[in-house]
Amino acid sequence: MLPLKSESSSEGEKVISPFAQSEVAVSQNKGSSGKFFLLIGISLILVVGGAVAGIFVMRYINDPYRTLENFPVSKYLDNYQGLAGSKFKAEFRVEADLGWKEGAGRLMLFSTVDDSRPIAVLIPAAVAKDIYFTKGQTYIAEVEVKEGGLIYANSCQKN
C-alpha cells in the first residue's frame with residue numbers, strides 16, 4: 001500500500017488518492033454487441049416472415065374463386081348433363097375468338113391448364129366489354145354449365 005502524500009501550500013494541503021498510480025482494469029462486455037446483432041437478425045426474419053404471410057393471406061382472401069372447384073374438362077366432355085347448373089373455377093388459355101353477337105356476347109375457344117382439349121365458352125357482353133382477348137393469354141373465370149351444355153362465364157379476369 002502506498003502512503004498518502006501530502007503537500008503543503010499556502011492555501012491548504014492537497015490529498016492524493018492511493019489509487020492515483022494504479023492501472024484501471026475495466027472489462028468490456030463483448031457479448032452485448034453479439035446479442036444486439038442477433039436481436040436485429042431475429043427481428044428482420046420476423047418482419048420478412050410476417051410480410052410474406054400477409055401477402056399470402058391477402059391473395060387467398062382476395063381470390064373471389066377460392067370456394068369453387070376447378071372445372072373438370074374430362075367430365076364435361078364425357079357427360080355435360082351431370083354438370084348442368086354447377087359453377088366452377090376455370091383457368092383458361094385463349095385458343096381462338098369464334099365471334100361476337102350483340103346482346104349475347106363473345107364466343108371463345110379456350111383450353112385449360114389441366115387439359116389441352118379446346119372448349120367453347122360464351123362470355124356475356126357485360127363481362128367481355130372491357131376485355132381484349134388474344135391467343136395465348138390466360139384468364140381465371142367463374143363458369144357455369146347451362147342448358148344444352150353451354151359453358152357460360154359469369155365473371156372473368158386476366159391471370
Side-chain angles (χ1 to χ4, degrees), residues 1-9 11-77 83 85-97 105-106 108-146 151-159:
M1 187 167 213
L2 295 175
L4 290 175
K5 295 182 182 179
S6 61
E7 296 178 10
S8 38
S9 66
E11 292 183 15
E13 293 184 10
K14 193 176 195 184
V15 178
I16 298 177
S17 169
F19 304 107
Q21 296 180 0
S22 67
E23 292 183 25
V24 178
V26 177
S27 65
Q28 293 180 347
N29 190 357
K30 293 181 181 180
S32 66
S33 66
K35 288 179 184 176
F36 176 73
F37 287 119
L38 179 65
L39 184 62
I40 293 220
I42 291 173
S43 299
L44 255 163
I45 290 171
L46 288 174
V47 167
V48 169
V52 169
I55 289 170
F56 177 76
V57 167
M58 290 308 291
R59 280 192 176 175
Y60 179 75
I61 289 174
N62 288 334
D63 180 11
Y65 310 115
R66 70 181 179 274
T67 59
L68 299 173
E69 292 183 36
N70 285 332
F71 183 69
V73 176
S74 58
K75 282 185 183 179
Y76 171 77
L77 294 175
L83 301 175
S86 300
K87 293 182 181 181
F88 299 96
K89 169 186 175 179
E91 294 182 46
F92 289 134
R93 184 175 47 253
V94 177
E95 298 298 330
D97 185 345
R106 182 169 302 281
M108 298 291 299
L109 199 60
F110 291 107
S111 63
T112 63
V113 175
D114 302 328
D115 196 329
S116 63
R117 295 179 285 182
I119 53 174
V121 178
L122 179 65
I123 302 171
V127 175
K129 69 179 179 175
D130 295 329
I131 302 173
Y132 180 72
F133 296 98
T134 51
K135 187 172 182 164
Q137 288 181 330
T138 57
Y139 291 87
I140 296 178
E142 177 189 315
V143 296
E144 182 177 356
V145 179
K146 293 204 172 187
I151 301 172
Y152 187 87
N154 295 325
S155 65
C156 185
Q157 65 186 26
K158 192 169 183 178
N159 191 7

What side-chain donor-acceptor pairs closer than 3.5 Å can you find for residues 116-124, not counting sequence neighbours?
| from | atom 1 | to | atom 2 | distance (Å) |
| --- | --- | --- | --- | --- |
| R117 | NE | D115 | OD1 | 3.1 |
| R117 | NE | D115 | OD2 | 3.1 |
| R117 | NH2 | D115 | OD2 | 2.7 |

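- Counting only residues at least two apart or in different chains, side chain to side chain donor-acceptor pair (under 3.5 Å) contacts with residues 38-47 are absent.
- A distance of 4.5 Å separates CG in N154 from CD in E142, rounded to the nearest 0.5 Å.
- In this structure, I140 CD1 and K158 NZ are separated by 12.5 Å, a value rounded to the nearest 0.5 Å.
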| task | Would you sort out whether I151 and F71 count as a side-chain contact (heavy atoms from CB on, under 4.5 Å), showing the intermediate values? | result | CA-CA 10 Å; I151 301 172; F71 183 69; 3.6 Å; yes
Run the side-chain donor-acceptor check on residues 85-96: report pairs under 3.5 Å with partners two or more places apart or on a different chain.
| from | atom 1 | to | atom 2 | distance (Å) |
| --- | --- | --- | --- | --- |
| S86 | OG | L83 | O | 3.3 |
| R93 | NH2 | S111 | OG | 3.2 |
| E95 | OE2 | S111 | OG | 2.6 |

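- For residues 126-138, no residue pair satisfies the salt bridge (Lys or Arg N to Asp or Glu O under 4.0 Å) rule, not counting sequence neighbours.
- Taking SG of C156 as the start and CZ of F133 as the end, the distance is 4.5 Å to the nearest 0.5 Å.
- Considering only residues two or more places apart in sequence or on other chains, Y152 meets the ring-ring contact (aromatic ring centres under 6.0 Å, His included) condition with none of them.
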Would you mind writing out the side-chain donor-acceptor pairs for residues 45-53 within the sub-3.5 Å range, not counting sequence neighbours?
none

